[in-house]
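Model, not experiment: these values are computed from the prediction. All values below were derived from every heavy atom in this structure, side-chain atoms included, with hydrogens, water molecules and symmetry-related copies excluded. In what follows, every chain begins at residue 1, and chains take the letters A, B, ... in the order their sequences are listed.
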2 protein chains.
Amino acid sequence: MDKKTQIIEIATQLFSENGFENTSISKVCETSNVSKGLVFHHFKSKDELLREIFSSTTEKIIKMNQSINTENSPLTRLLELINSFFTQIKEDRLFFQLNLNVMTQPKTRELLNDLIKERSAFILNSVKQIFKQIDAENTEANSYLFIAELDGIALNYLGIFDDYPLELIKNQLIKKYKKKWNLK
Amino acid sequence: MDKKTQIIEIATQLFSENGFENTSISKVCETSNVSKGLVFHHFKSKDELLREIFSSTTEKIIKMNQSINTENSPLTRLLELINSFFTQIKEDRLFFQLNLNVMTQPKTRELLNDLIKERSAFILNSVKQIFKQIDAENTEANSYLFIAELDGIALNYLGIFDDYPLELIKNQLIKKYKKKWNLK
DNA sequence: TAATTGACTGACTGTGTAGTCAATGTAAAT
DNA sequence: ATTTACATTGACTACACAGTCAGTCAATTA
């Protein structure tokens, strides 16, 4: 594997596990068997390395979203979205951890401001499109509430409760939305 | 004001504004006109100072919760809870910021693990009690979902969207729960 | 073959950090 | 008046950190 990629992968892992502020570049070098000089040859600062990592996680999210077939009914798409969210959160825990971490840390939040804005606008828009097709009423507020629900679940699962009944909650959430819109 | 209290107040403010990891004790001293030695006289480490601060914010949350009159109907209490949450989040932004910050930062999350567990158990229990009285069905899952909703709103408001339509969302949330349980 | 480029190294620098400690100030108790 | 107990200071230590830089090495180009 080429060393630049290696730096990115190890840094992603360490930033996720220990937090950005608590991971020194020296630690990244040590873990990935690379000299300090090389890191600063490829990335002009530690901050810049984080930006590259965060940038590529945004692409990952966008791709995840685009994999949802637009020919299905909006309710099906919503359920697919919920499903893929729960699958992701379980399988790629660290990925979500890093995202929560940098978005709630004032310094990194500031550093990544433009990227976060871009990403959140994209997500909001995707959800709005689905909601608009299901139920034109209160599209805006319902979209925000839906996003808050998922984000809150991620936050509670990863950071707050340590025996979070994820399956139970997933089923209840699905039930809720099915009930809400199947009746109409 | 006595200097110990002063240290706590300034530290709370700076930790909230800039994050725990990004606030040095020197900065706290400088801002509160106190010597470094005094901070370590009153608190045996920077971590211990954070624990005291976090501990007292938990008490604040518990008091906030206890102020809700248990003689009212469960639906009224739920609406009161929602209302006080939205009032708090607007008026005491920094308080929520700090909480999000330390709970999503692996190092501080670890440090405060016992306190976080205690606090989250308390909150879950309070919500469960209300939900049990309104609707015995799926009490557990619905309580978790409700908490996720509020936490997600806080996260989105404070960390993700920077023009979050808080009022709109509050109204929609209230409408949703009223509709759900007034019909029965 | 000689020159150029870019990946790569690791010792080094300067700064900021948490935490210590011996000394001093202060006010109440004996 | 003397002791006791604690609040307070700021210079100090030891260390970890991000970032630099002079120089090595290997591959490509002229």
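The stretch residues 1-34 of chain B participates, sequence neighbours left out, in these ring pair (Phe, Tyr, Trp, His ring centres under 6.0 Å) pairs: B/F15-B/F20. Pairs passing the salt bridge (charged side-chain N to carboxylate O under 4.0 Å, His left out) check and including a residue from residues 63-81 of chain A, sequence neighbours excluded, do not occur.
Per the geometry, CD belonging to A/Q6 stands 15 Å off P belonging to C/dA7, to the nearest Å. Put simply, NZ on A/K44 is 11 Å from P on D/dT20, counting in whole angstrom units. Atom-to-atom, NE2 of B/H42 to P of D/dC6 comes out at 12 Å; the value is rounded to the nearest Å. Atom CD of A/E48 and atom P of D/dG19 are 11 Å apart (whole Å). As rounded to whole Å, 13 Å separates atom C1' of D/dC6 from atom NZ of B/K4. The nearest whole Å value for the distance from the CD1 atom in A/I7 to the C1' atom in C/dA7 is 10 Å.
Applying the 4.0 Å criterion to OP1 and OP2 of C/dT9, one finds that A/K3 has a side-chain N or O inside that range. Residue A/H41 places at least one side-chain N or O closer than 4.0 Å to OP1 or OP2 of C/dA7.
A ring-centre distance under 6.0 Å is found for A/F146 and A/Y177.
A residue-by-residue look at A/D2 and B/F20 shows that A/D2 has its nearest nucleotide of DNA chain C further toward the 5' end. Both B/N33 and A/D47 sit near DNA chain D, but only B/N33 has its closest nucleotide nearer the 5' end.
Of the candidates C/dA18, C/dT9, D/dT20, the closest approach to any side-chain atom of A/F40 belongs to D/dT20.
Scored by the side-chain contact (heavy atoms from CB on, under 4.5 Å) test, B/S67 finds no partners at all (sequence neighbours excluded). Residues forming a salt bridge (Lys or Arg N to Asp or Glu O under 4.0 Å) with A/E167 (at least two apart in sequence, or on another chain): A/K90.
A/T12 places none of its side-chain heavy atoms less than 4.5 Å from the side chain of A/F95.
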Quick one: which protein N/O atoms are closer than 3.5 Å to N/O atoms of nucleotides 11-17 of chain C? Pair and distance per line, please.
unit_1: C/dT17; atom_1: OP1; unit_2: B/S24; atom_2: OG; d: 3.3

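Near-neighbour residues of DNA chain C inside residues 99-113 of chain A, defined by a heavy atom below 4.0 Å, are absent.
The cationic atom of B/R51 (NZ for Lys, CZ for Arg) does not lie both less than 6.0 Å from the six-membered ring centre of B/F43 and within 45° of the ring axis.
Counting all heavy atoms, side chain and backbone alike, B/T104 lies closest to B/L100 at OG1-O, 2.8 Å.
The pair A/E110-A/K107 does not meet the salt-bridge criterion, since no charged nitrogen lies less than 4.0 angstrom from a carboxylate oxygen.
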